[in-house]
Amino acid sequence: MAISKDKYKQWGGRFAEPTDAMMERINASIGFDQRFYREDIRGSQAHAAMLARQGIISPNEAQAIIKGLEQVRAEIEAGHMEFSDSLEDIHTHVEARLKEIIGEPAGKLHTARSRNDQVATDLRLWVLAAGAELDAALNEYQRALVELAEANRGVIMPGYTHLQRAQPVLLAHHLLAYCEMAWRDRQRLADCLGRAARLPLGAAALAGTPHPLDPASVARELGMAGTCANSLDAVSDRDFVAELLFALSLAQVHLSRLAEELILWSSQEFGFVRLSDAFSTGSSIMPQKKNPDAAELIRGKSGRVIGSLVSLLVVLKGLPLAYNKDLQEDKEPVFDAVDTVLDCLKVLAPMLRGLAIDAGRMRQAVRQGFLNATELADYLARKGVPFRRAHELAGKAVRLAEIRGITLEELSLAQYQEISPEIQEDVFPCLEPERAVAARMSPGGTAGQNVEAALKEARKRLWPAE
Ligand code: ARG
């Protein structure tokens, strides 16, 4: 459906000359804001219904507008709307088409409204819908983590500090750490959505409107918690976008960290996991290669998500009140960041489900690197040796074993007693990684019983219906 463009400018009245073609190009937002046509139409329908309730337009006019907008929506959904830069944005396209369908009452829709409060409303509605989708995708990702953890109960791997083997931990514990990050991501999301759920309509261009509006009823109809308290703030506030972009940036940083671990773990150097073919690629020259591209892309895409946050903050930093056209630059970053994070979550969840864990390799890695040296020190401390001294003695045992090219559990009792007569036969079971893991029962520690409880709790929260 091509709309008769030149006749439909929302602001043609005072202009004598046509718009410059390049100006038209950079001015137009239709290329991207068509994404929220649904929100634009919903907001307009709620506005029209309120105008009628308040006696500002007649019930028949409101009826015609609401019905006409339904048709516009159907046309856009069917791909029948032809978008054009000369009509600038989605607001103008929708209104212009409405005018063609219903005639004059269309001109009354914009009563007591400006594109400034309209676009702020649309974007808030879009963000709220995107937030729900993101939350669901995060939930799905968490489920994949929990399923992988449950399927590998009891698998022990090296826990690291400084990427040096440190102490044995349960793989499930390690995976649940990412699940915790995702809970915080979801809380952050919910928190910023709470502030996004405020209606700017009624602010009009910047100062409010003389018409006797009832924006609170529109807010209710649109599922928002209330209206914006200050009209200048209502049209210029994009905090909700910045907050969402920060929440997304941090979520993506978390995904990137997990991706980095998967990249390391799938290398020959680690050999802890095998990625399924579905999430790997080959090399055009090296026939043996299987590359973890999906994980690398998740890591790499954090750059653009963080870039979106920075880009918006820079757009906002110098803006005087109230609306400025700079704000049009808020949309592409938020669309891109939402798309990117959603895509990454939708790749990561099945990738985790298709991950093959090499418990044997993990176990072997636990054996090498003296991960039980702390166990030896704790053993001595339990025998009454001050911990500082115990640490020193355990260090001596590590040195001796290192020189001999053996592990701590392979040192003989005689060798141990030379280091310290406090060390008895009962030291050996303490050096077993299973014991080391089971002993870490402090709250949040890696002991199996803690991890089991955490898994159970996660199940309850992630599959609430079961
Ligand atoms: N496309 C514009 C935006 O995204 C809509 C609001 C235009 N308002 C105006 N006063 N020109 O911000």
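Given the structure is predicted, the values throughout are model-derived calculations rather than measurements. Order of listing sets the numbers, starting from 1, for every ligand and every atom in it.
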[Y] ring centre to [X] NZ or CZ under 6.0 Å, with the angle to the axis within 45°?
X: Arg38; Y: Trp126; result: no
X: Arg257; Y: Tyr178; result: no
X: Arg124; Y: Phe240; result: yes

Which atom pairs, nitrogen or oxygen on both sides, join ligand 1 and the protein at under 3.5 angstrom?
| residue | atom | partner | partner atom | Å |
| --- | --- | --- | --- | --- |
| ligand 1 | 1 (N) | Ser29 | OG | 3.1 |
| ligand 1 | 1 (N) | Gln328 | OE1 | 2.7 |
| ligand 1 | 4 (O) | Lys331 | NZ | 2.5 |
| ligand 1 | 8 (N) | Asn116 | OD1 | 3.0 |
| ligand 1 | 10 (N) | Asn116 | OD1 | 3.0 |
| ligand 1 | 12 (O) | Tyr323 | OH | 2.4 |

Handout entry: Whether Phe272 and Tyr160 hold their rings parallel, tilted or perpendicular, with breakpoints at 30° and 60°
Key = tilted
Handout entry: Asp293-Thr281 side chain donor-acceptor pair, cut-off 3.5 Å
Key = yes
Practice task
State, without any angle test, whether Glu261 and His174 hold a side-chain donor-acceptor pair at a distance under 3.5 Å.
Solution key: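 Yes, a side-chain donor-acceptor pair sits under 3.5 Å.
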